[in-house]
Amino acid sequence: MTSPHDLFIDGQWRPAADGRRFPVHDPADGSELAQFAAATEADCLAAVDAAADALASWSATPPRQRSELLRACFDLLTEEREQLAALIVAENGKAYADAIGEAAYATEFFRWFAEEAVRIGGDFRLSPSGDKTIVVRRDPIGVAVLVTPWNFPAAMATRKIAPALAAGCSVVLKPASQTPLTAAYVVDVLRRVGVPAGVVNLVTPVPAGPAVSAMLHHPAVRKLSFTGSTEVGRVLLHEAADQVVSSSMELGGNAPFVVLPGADVEAAVEGAMVAKMRNGGSACTAANRFYVHDSLVDEFSTRITTAMKAVTMGPGADHSNDLGALVSPEERDKVAGLVDRAVAEGANLTLGGGGQPSGGAFYPPTVLTDVKHGTEINQTEIFGPVAAIVAFSDVDEAVAMANDTIYGLIAYVYGDPAQALSVAQRIDAGMVAVNRGVLSDPAAPFGGTKQSGLGREGSSEGILEFLEEKYIGIEV
Ligand code: NAP
């Protein structure tokens, strides 16, 4: 399990210009895994320069060649997915099953976009007045800055790098400072398969703000693709405005999970466990608010408490554990604070809560019933293994509560398929899962409405974020 600990600029792994480094920790025990290079602002701008220099030849590289390089990444990462999963476990803390699942998901973006690289379309038609031929091309937008979070350190990087490269863009990746090792491994795979120097660069400035701002003010940068919190997304939209940099935003969520009257409770709990516990609850797609009809809420609460009790918690290095550590002690304390305040506000703790059994950043599976709509835990992205259950009596009320949030990333609905579909259509979210607990699929458009984001990743839409349309009018 080795991964570079340096910056990757213009095809070379190299230390920061001033030699500064920052520690990367294993959240399961707090031990130090590595000292990673802390990029200076000059390093970040050098990475943009390298990407700008590489752009013309990469965008002119035949789509088939770009496609084959991406396919080679898929093949190599498929062979090495155990190594990738081990790195994810080590620096992120998640359970092995989640890490190997992420490795497969992350790898799939290379295969999907290898296939999309050779299918970039355009348009060709006669104008309505018959005076000209309208030709619409789709060209690479230019140098892209990609900023990613710690919760899916491989998949959030590949979901951006693969479409960008497929489109013919060159990139500078800025991964989260808590999880740079996984990103460095992925970038090194791109190097190993022969992606030319400068096409992919990796920088890790600490703190991130000033250096990312400097990159967004570099005249060569034409694209920002960000995944992370809504709070930081807002800051970056302001930063991107100065040079009118096209921005795609995958931001926070507050997913409702609605169990309609007449739903199959056993199936709903099975789906709820996946929607809640995938990635230990540290997912933008995690079910955050359970709205369960009065007639089913007792049975649902009892069953989910039983299912949560059966979850085994411990270091992801022990592959038998279902639930790993949160990414840091600060993240664990944030979750603990939310639960404690929810109980103080009148919620009933039926399982879990409290502490830290083993010294790492662990937080146990937790169930809260009698949660009130509108309370802090109901309106905040929990990002941990906590199921907070609200009862409802009327379907219109459930839809209104589901929509009563600034977020609109994803929602889950369980019930009779016709009723569930009609409720799904009334929920304001970019994605709705009907009678299933997981939706993410490289072949489907991922993204949110409202303050959960702008644009889509994956699917055939994902590559459009890195392409710009050019209209050429030809005299008939
Ligand atoms: P975050 O704090 O917003 O950080 C995300 C990235 O932005 C990191 O690389 C971070 O760098 C960087 N960053 C922080 N402050 C910055 C600034 N002022 N300027 C430029 N870059 C800055 O988010 P996180 O805690 O890593 O991730 C959790 C959040 O991501 C949750 O809200 C989750 O819902 C969201 N998320 C959304 C999706 C989606 O697809 N919609 C997917 C996954 C996660 P440092 O690490 O160096 O601070």
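All heavy atoms count here, side chains included; hydrogens, waters and symmetry mates do not. Each ligand, and each atom within it, is numbered from 1 in the order the structure gives.
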Every residue of the protein that comes under 4.0 Å of ligand 1, judged on heavy atoms: V147, T148, P149, W150, N151, M156, R159, K174, P175, A176, S177, A208, G209, V212, F226, T227, G228, S229, V232, L236, E250, L251, G252, G253, C284, E381, F383, L409, F446

Contact list for residues 438-450, test side-chain hydrogen bond (donor to acceptor under 3.5 Å, both in side chains), sequence neighbours left out: D428-T449

V89 and D98, any side-chain heavy atoms less than 4.5 Å apart: no

Min side-chain heavy-atom separation W13-V187 under 4.5 Å: yes

Test log, rule ring-ring contact (aromatic ring centres under 6.0 Å, His included), inputs F257 and Y414: CA-CA 8 Å; F257 188 109; Y414 268 78; 5.3 Å; yes

Cation-pi, F446 ring and R159 (6.0 angstrom, 45 degrees): yes

Straight-line distance of L146 CG to K160 NZ, nearest 0.5 Å: 7.0 Å

